[in-house]
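First the structure, in the form of structure tokens, and then the observations on it.
What's counted below: heavy atoms across the whole structure, side chains too, no hydrogens, waters or symmetry copies. Each ligand, and each atom within it, is numbered from 1 in the order the structure gives. Residue numbers start at 1 and run along the sequence shown. As the structure is a computational prediction, the values presented were derived from the model and not from experiment.
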Amino acid sequence: MTITITAFDRSPDGGRGLARDTRVRWALEEAGLPYDVRLVRHKAMKEPPHLALNPFGQIPTYEEDGLALFETGAIILHIARHHPGLLPADADAQARAVTWMFAAVNTLEPPILDLFTARILEGDRPWAQARIPLVMDRVRARFRQFADYLADSEWLDGDFSAGDLMMVHVLLRARPSGILDEFPNLAAYVARGEARPAYQRAFAAQLAVNALPRA
Ligand code: GTB
């Protein structure tokens, strides 16, 4: 089985591991699967060969023999269903882990993305300074709820799972705003994720791409 994923030829985050290929790399490392990476320029993401893999013209994509997938949630669920290490054996515990994957991308990630848009993409608009505190408060509200739930648990539901992987990577995106550090148990949870050897390998691999000198 040959697995190929796509990633930015140069990530806008400069190699901080915030682009979404990092979460797929992490899942592959947790599962012990070798993979190739095809680097894609932004212009090429919008052209037919890449649009055939992802109609929205985004990375990462996932190819495995005849199968092509996009959406990190679907990719990581596919990896987790077919390889040990990312989902518990018990059916109910599996369903809970999948619930957390959805919560990460559907409930936590949207306000974090709004904040990125408000601070970075639209930070120079005249209304930005009025909007940013409102969006930050929406992120804080979700983080407060999640922090209360997580309390001092090591992981969400017993052993580390794909639910934790997705949640940790989604939370990481909020770190540059400073909000993550307002919630010490969430910051510690993210740090536990980052300390995993599989995450370290994934992070190093994406950093190696982004540290390459450019023409
Ligand atoms: N829902 C999809 C998924 O989960 O796979 C979202 C995929 C997505 O947003 N991909 C982004 C992309 O291809 C890259 S990760 N963007 C190019 C485009 O849409 O034209 C998003 C990302 C971008 C920048 C940073 N950063 O600078 O910190 C972090 C994450």
Looking only at heavy atoms, what is the nearest atom pair of Trp127 and Glu122, with distance?
-> CH2-OE1, 3.2 Å
Tightest non-hydrogen contact, residues Gly73 and Met166, listed as CA-CE, 3.5 Å
Pick one: which of Glu30, Glu29, Glu194 meets salt bridge (charged side-chain N to carboxylate O under 4.0 Å, His left out) with Arg201?
-> Glu29
Under 3.5 Å: donor-acceptor pair, side chain of [X], backbone of [Y]:
| X | Y | result |
| --- | --- | --- |
| Asp164 | Ser161 | yes |
| Asn210 | Ser11 | yes |
| Asp9 | Leu39 | no |

Does one side chain, of Thr72 or Arg20, offer a donor that lies under 3.5 Å from an acceptor on the other?
->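 Result is no, nothing qualifies.
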Protein heavy-atom partner closest to [atom] - residue, atom, separation in Å:
| atom | result |
| --- | --- |
| atom 16 (N) of ligand 1 | Phe8 CZ, 3.7 Å |
| atom 9 (O) of ligand 1 | Arg20 NH1, 2.8 Å |
| atom 7 (C) of ligand 1 | Gln58 OE1, 3.3 Å |
| atom 18 (C) of ligand 1 | Lys46 NZ, 3.3 Å |
| atom 1 (N) of ligand 1 | Glu71 OE1, 2.8 Å |
| atom 27 (O) of ligand 1 | Asp13 N, 3.4 Å |
| atom 4 (O) of ligand 1 | Thr72 OG1, 2.7 Å |
| atom 24 (C) of ligand 1 | Pro12 CG, 3.8 Å |

Contacting atoms of ligand 1, where contact means under 4.0 angstrom from a heavy atom of His42 =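 The atoms of ligand 1 under 4.0 Å from a heavy atom of His42 are 17 (C), 18 (C), 20 (O).
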Shortest heavy-atom approach to atom 29 (C) of ligand 1 - which of Arg173, Arg16, Arg23, His169 = Arg173
If you measure from atom 13 (O) of ligand 1 to every heavy atom of Leu69, Ile59, Asp21, which option wins on shortest distance?
->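 Residue with the shortest heavy-atom distance to the ligand atom: Ile59.
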CD/Gln206 to CH2/Trp26 distance, rounded to the nearest 0.5 angstrom?
->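 If we round to the nearest 0.5 Å, Gln206:CD and Trp26:CH2 are 13.0 Å apart.
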